[in-house]
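First listed ligand is number 1; within each ligand, the first listed atom is number 1. In what follows, every heavy atom counts, from backbone to side chain, and hydrogens, waters and symmetry copies are set aside.
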Amino acid sequence: MEQVAWDELLRRMGELRDFGGVVGLLTWDQETFMPQRSADGRAAQLAAMQALIHERVVDPRLGELLVAAAADGGLDEDRAAMVRNLGRERDRAVKVPPALVRELAQAQSRAVEAWRAARAEERFSIFQPHLERLVELRRAQADAIGHAGERYDALLEGHEPGMRVSRLEPLFAELEKALVPIVETITAAPQPARWNYASQRFPVDAQWDFTIGLLEEMGFDLTRGRQDRSTHPFTDGIHVDDVRLTTRLTEENPFQAFFSTIHEGGHGLYEQNLPRAHVRTPVGSAASMGLHESQSRLWENMIGRSLPFWRRQLPALRRLFPAQLEGVSPEAIYAAVNRVERSPIRVEADEVTYNLHILLRFQLELALLRGDLTVADLPAAWNERMRKDVGIEPKGDREGVLQDIHWAWAEFGYFPTYTLGNLYAAILHERLERDLGGVAQVIEAGRLHAVRDWLAEKVHGVGHRWDAEEIVARATGEKLSAAPFLRYLEAKYGALYGVAL
Ligand SMILES: [Zn+2]
């Protein structure tokens, strides 16, 4: 393709990324510092920006440029990936009629209101007609986008490009089959001695100082990013040089802040180490939600919830909380932050039971999309699966089917990315162990920069040149499977609980 045409395409790509950054900044502000009564103005600004982005994405001229570029066999690998990624995004946007987009947006905001009311009154029936409408609209959207007989694939593609239900189903079935007896054995085992911190208070200023220290040790660059507070922690990659994290501070449980910071710090490192040369192109972003989540979970669970990590951190923690930590050992902290129990709430679940919560959601939303399950039957189906898989009966719909906001946002196909994140993390972690020659020693010596550098080279710096599964395969030589994650759980929890798994 001619240089002048390529330059125009590149300019349009750059502009779309900049608009995306503006949306990110508006959203970050909304969740952190925006005054309480400013919501209507912000909603209008965000809608205007989204409309502008949509307009530019569906612009026929962009379509022409992408077609011309795709026909050019001489593009290098990076350019070919830019064209492929933006082409896929444009294709999805063009195929969905504007009336359906508007209807979805309106139905979503009404559904969120109804979901809040349904939770407050613990009455699923308030939410039910809204969820029925959202399922209907998403089915229509999936059909508009197109699929090979599995509507869910069209939605999954929006979060996990390249992934398919036919790939997930056997993978998740294998995981489920292995997890149920593991949970059985661990919950029947004698409990290890753990630090009981629940009766104490932890001043939030000292917690804040500790979390900043953690980010520095992880190698998060605070001159190109910052941390603030929010109710629900999140990461917002506005630009490679402007990455915003939030954490959540409560006096009762300092681990909420510590693990939120480590988790979001893992996401933040991904954003800070994306390929600088491609920062304003469709290659300069993360490859998928699942791969993003693999970064946060590798840091939070495999590093932050390890024994060497707490051996390393205890002296600093003791300086900040001397009275609370009197006589507390790293082993007691380690046992406290890795307690396995059957619990109804996903976001409070430990890493052993967590995926069972996700598999349940995946199976139910797949059944809804396929038409094998009605929304009216959803609460009963939820409770039955909880009993069967997690081994616990929710006390009501608030700690059952109404616990997550995702379905009120019409997010179907998002939940599986959490489990994919755990699986990818374990594959990367095994390779990291081989390449660094002992991650435990690296963590205990406080050399977390070595972990960051490895991930930056193998994952972050690749951007979206390939899809997630290929990035992980090239980094590790391994295909996506549940085996490394299961090996990780068996080794860690077998030793902690003194059982053979
Ligand atoms: Zn996350």
Undergrad: Quick check: Trp407 with Phe124 (ring centres under 6.0 Å apart)?
TA: no
Undergrad: Counting backbone and side-chain atoms alike, does Glu264 have an N/O/S atom under 2.8 Å from the Zn ion (ligand 1)?
TA: no
Undergrad: Which atom, counting only N, O or S, brings Glu293 closest to the Zn ion (ligand 1)?
TA: OE1
Undergrad: If you look at every heavy atom in Pro192 and Tyr497, which pair is closest and at what distance?
TA: CD-CE2, 3.6 Å
Undergrad: Has Arg138 got its NZ or CZ under 6.0 Å from the middle of the six-membered ring of Phe412, at an angle within 45 degrees of the ring axis?
TA: no
Undergrad: The Zn ion (ligand 1) to His267: any N/O/S contact under 2.8 Å?
TA: yes
Undergrad: Could you verify whether a donor N or O on one side chain and an acceptor N or O on the other, from Tyr488 and Glu433, lie under 3.5 Å apart?
TA: no
